[in-house]
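Beneath this line is the structure, given in structure tokens, with notes to follow.
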Amino acid sequence: MESGASSAITVPTEAHSDRTDRLSPWNPFWARETELDLDSGRYVKIWQGPQHPGVTGNMALEVTLEGDVVRDCKTHIGYLHRGFEKLMERRKWIQCFPIVCRICVPEPDTNEYLFAAGVEELSGVEIPVKAAWLRALVLEMIRVASMTMGLGGQAGAYGLGIVGQWAVVHRDYMLDLFEELTGGRVYHMYILPGGVRQDLPEGFTGRMEKVLRMFENLIADIEKVMFDNAVFKARTKGSGVLPREWVEPFGVTGTTARAAGVPLDVRKDNPYLIYDQLDFEKIVGGESDIYERAFLRKEEILMSIRLIRQILKRMPGEGPVRRKLPNVLHWQVQAGETYVRAESGRGEMGYYMVSDGGEYPRRVHVRGASYTHAMALLEQMARGQSIADIAGLMVSLQTCPPEIER
Amino acid sequence: MSLKDVISPFYAWKKTLDKPYTIKNPIAEREGAERYRGFHTNDVEKCIGCGTCEEICQNEAIDMVPVQGADPQRGDSGLRPKIDYGRCCWCALCVDVCPTGSLGMSNEYKWVTPDAEEYRFIPGVDIKPWNGAEKGYKRSDEAWLLRPGLKNMPVVEPEERRQTFDEMALGYNDNLALLEANRCLECGICVEACPTHMDIPQYIKAIRENRLEDGLQILYDTNPFSESCGRICTAHCQDACAMAHNGDAIGIRWLKRYITDNTWQRRDDILHGDNRITERGKSVAIIGGGPSGLSAAYYLRQQGYTVTVYEKHDKAGGMLRYGIPEYRLPKAVLDREIETITRIGVQLKTGVAIGGDISFEQLRRENDAVYIAVGAQKGTAMPIEGMETPGVYIGVDFLDRIAAGERPDIGSRVLVVGGGNTAMDVCRSSVRLGAAEVSVLYRRTEKEMPANAEEIEEAREEGVRFDFLVSPVRISRLETGLRVECRRMKLGEPDASGRRRPVPLEGSEFTLDVDSCIMAIGQKVDSSMAHGTDVHITRWGTFEVNAETLQTNVPGIFAGGDCESGPDDAIKAIADGKKAAWFIAKYLQAEHN
Ligand SMILES: Cc1cc2nc3c(=O)[nH]c(=O)nc-3n(C[C@H](O)[C@H](O)[C@H](O)COP(=O)(O)OP(=O)(O)OC[C@H]3O[C@@H](n4cnc5c(N)ncnc54)[C@H](O)[C@@H]3O)c2cc1C
Ligand code: SF4
Ligand code: SF4
């Protein structure tokens, strides 16, 4: 490499510990940086990704190593950009509903819900009661499926491939139920403005209970092989600690925030659908390391299972599930803007939507936890970590590249 | 770290004894769920090729293509959706929007083929194992994205309207018009059905976008009687409307009226504000100031021809004035609509009968072309004994007198004979004249009645009684009133019109005592003014024309409207007028060269 400008990179001067006290969004530590001399022979730069088993989707980390230790990390995205937000500006309102689910493969329904909720809020459409319960049901079902996959990914990042395999199989049992209820396996296209597509099929509750038991057994198994595993503990406890003070300035939410002791949960803080009618508590931790974050996810799965049971029990029996919209071919949604949010498996997901009163959305902006967690935050947290732990760290921050790139 | 943490993970080995999660033969064992959204099915008999599925597909996966066996016909474009499964995302929006409910999805998802081209096919036409599959996603009524219900027109209550000839339909307000306009799919299947091919989707769109001036322009592009048609048109478009397959047709006629209701005061400005007509120096004579003659006049004049319309009545308008009663079409509406036509320079000579005041030959000599639009004005009498008895009237003559302002004394018991729209106008006018008991006799059943259902319903609301499968055989005079002898009928074999022919039932005679009896059984064309000329006339008295150009056997002489076809409807007469204008202009230009 030629000596010159390109051979030097800049990294923040100090170590984690004394950064936190001065931390604020207006005085970010990452603004003050020193240079790493790449010509010195002390550093080597490698790319992790965009194809890498530790990432669910395509995303690259450009890491500068000193020995095994990461000294600098840049996140690179752009491999998965499908332009959904822009596409929606050229689609009639109803035509956006099959698009949004594709923003997130493991958890499409949150997108479906938020898009629908946003349109309903802008246009003043109220959905039938039953539809609200069915929506909550679907949102909890997908949280179970996606967080289970997440646990699989977390285990896989430390070489525990078997958990990933169990997780995928169990997700498929949940997808069977999705298929029965919604007519689709991965992308359900079930929640749409005005309500949901259909009511529960006959005998659904019974089959759901069977699958929930399988999940409970699975979690018990995962506890044995993952959470009570000496190696997993050794590698994750105390590793990837997210300082509590970082939660707010970085916009951290979901289990990642709760693991740091910050009790954020949209379902409780800003109840939507029928969440105010369900009995549940926020699950809050404190250790804020990779182990804690994974542990909380596991607990969340168990809670979602309980919520599904509650929902199925309390849901009204009969009733409409869908309200008629104005003719969707020329539906003009009242001008205005809104931000709607929900608790996804990875944290707060939100849709900022603007209508100029026309037949097409003027702007749809998707806020997902992955974007905040896996971009700037990951860059900071990777520093000082061993290269071997980067994949695990990344998964623990709930990184889902398709959701980063809308 | 405890010993337990070291041993615990070995628990995973226990799983090797478990039954495998996978299934042996997924292709055979794993059927899609009951409501799975797999490859599409389409009931091609039910599908009308409206293309709404193509319109809504956000992946542009659907192309409408012609297929064998589905010929284009009224209300069916003859096209069917072809789906590209390289694009389809299985969202089923197409299924949820389909107005006929023909489109569905099977639960088949495992089909594979090495030929990529085969992933584009026409569901229901191309043979696939899942065609007609019961399982899979079918949209429920609840899931239908469209609204089946028509926004009803506000009308005067039946009790009130019995008392008056004032117009009964009040017109849509802005809100109703917008809601109704919103139901339109813009599929355009109606355009073909309209004899004059009005651009219906576009004027409805103009309503949605509150561009009523544009809407008016669009109406007048094809129909200079839009304001009248908004009230009395037979609306073939609504019969073809895609929405009618699962709900009510769009209220197209009322939407048209809504545009004119809100623009008529400014109509001349909007339509002809800055138009300059370039004179062409050729003249066309039009015989008959009904809708057909005046429409031809309007379009010919716009092209710069000198146009004179000869009308034997005191006022123009034809059957719209002397047939259709005030409560359906106010004369004021007709008057101002005709003024829009005369104001661009159409000469209107009323009170001039061709064949009487001026001879047909003279007209022909003095003009470069002639359009005959004399309508079918002659009421038909029944070939029964007693037709001459006082108190027996001919339907159109009766309506003509009312239109002229007379209020004939018909007594309180009135019998109307006939099942068409004239019969409806007669019976409902009788109610308004104060008759307490009005009955309609029709020789077939309600199903065969040519009158439109809405009119029958409204007549019933106003207290009119119907007696089906009955025909009068003799009328005689009583001291007060008339005795009508009738006979019951039954339906026999279908006749040439496809309707079952009524056959008398022997020994079923009975009598009815009434004050008046009005025969509304049809009209005939009076083509006598062309007798003795070389213009061909059919044995029904109608003018014989080339169906494409409306030219008679004599070059430069054209005929259209009711006098060409026998009694039909206003929009057909208007369409003929527009068409004649086009071919007359063509004829005149060719002649010039
Ligand atoms: C009672 C009744 C109700 C109807 N209701 C409806 C309805 O609701 N909707 C609908 O669409 N249609 C309706 N129709 C039919 C519709 O009115 C006619 O189809 C339409 O008016 C035909 O138009 P036209 O111009 O061909 O003939 P006409 O309207 O009959 O006009 C012909 C004109 O030519 C004039 N004329 C005739 N001979 C001569 C001559 N020798 N010299 C000069 N002028 C002459 C006549 O005076 C008349 O003004 C109805 C008809 C009747 C009788
Ligand atoms: S929307 Fe339905 S009726 Fe119309 S073309 Fe498509 S399949 Fe046929
Ligand atoms: S299912 Fe959706 S993507 Fe497929 S053809 Fe229908 S509308 Fe288009």
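The sequence lines fix the lettering, A, B, ..., with proteins before strands; numbering per chain opens at 1.
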Phe232(A) vs Tyr158(A) aromatic rings, parallel, tilted or perpendicular, using cut-offs 30° and 60°? perpendicular

With a 4.5 angstrom heavy-atom cut-off, could you sort out which part of Gln198(A) is near chain B: side chain, backbone, both or neither? both

Only pairs of heavy atoms separated by less than 4.5 Å count here; which of Tyr11(B), Phe10(B), Trp144(B) has the most with chain A? Tyr11(B)

Using non-hydrogen atoms and a 4.5 Å limit, figure out which bit of Tyr21(B) sits close to chain A: side chain, backbone, both or neither. both

Side chain / backbone / both / neither for Val321(A) at chain B, heavy atoms under 4.5 Å: both

Does any backbone or side-chain atom of Asp141(B) lie under 4.5 Å from a heavy atom of chain A? Answer side chain, backbone, both or neither. backbone

Selection from Leu160(A), Leu325(A), Asp172(A), Thr182(A) maximising heavy-atom pairs under 4.5 Å formed with chain B: Leu325(A)

With a 4.5 angstrom heavy-atom cut-off, which part of Lys92(A) approaches chain B: side chain, backbone, both or neither? side chain

What class does the angle between the rings of Phe295(A) and Tyr291(A) fall in, given that below 30° is parallel, 30 to 60° is tilted and above 60° is perpendicular? parallel

Residue from Leu93(B), Asn59(B), Ile7(B) scoring the most non-hydrogen pairs under 4.5 Å with chain A is Leu93(B)

ring-ring contact (aromatic ring centres under 6.0 Å, His included) evaluation trace for Tyr360(A) with Trp331(A): CA-CA 8 Å; Tyr360(A) 307 86; Trp331(A) 187 16; over 10 Å; no

Between Asn107(B), Leu145(B), Leu179(B), Thr22(B), which residue shows the highest count of heavy-atom pairs closer than 4.5 Å to chain A? Leu145(B)

Can you tell which part of Arg102(A) gets under 4.5 Å to a heavy atom of chain B, answering side chain, backbone, both or neither? side chain

Using a cut-off of 6.0 Å, state whether more than 12 heavy atoms not belonging to Arg213(A) lie near its atom CZ. no

Check each of Trp130(B), Phe121(B), Tyr85(B), Trp111(B) against His40(B) using the ring pair (Phe, Tyr, Trp, His ring centres under 6.0 Å) test, and report the only one that passes. Tyr85(B)

If one checks every heavy atom of Glu142(B) against chain A at 4.5 Å, the contacting part turns out to be both

Contact origin within Phe97(A) toward chain B - heavy atom pairs under 4.5 Å: side chain

Region of Arg91(A) in contact with chain B, defined by heavy-atom distances below 4.5 Å: side chain

Engaged part of Leu87(A) at the chain B interface, taking heavy atoms whose separation is under 4.5 Å: neither

Is there a salt bridge (Lys or Arg N to Asp or Glu O under 4.0 Å) between Arg208(B) and Glu186(B)? Walk through the geometry before answering. CA-CA 12 Å; Arg208(B) 278 203 309 275; Glu186(B) 263 179 40; 2.3 Å; yes

What part of Arg183(B) lies closer than 4.5 angstrom to a heavy atom of chain A: side chain, backbone, both or neither? backbone

Compare all side-chain heavy atoms of Glu89(A) with those of Arg363(A) and state whether any distance is below 4.5 angstrom. yes

For Lys205(B), is it the side chain, the backbone, both, or neither that has a heavy atom closer than 4.5 Å to a heavy atom of chain A? neither

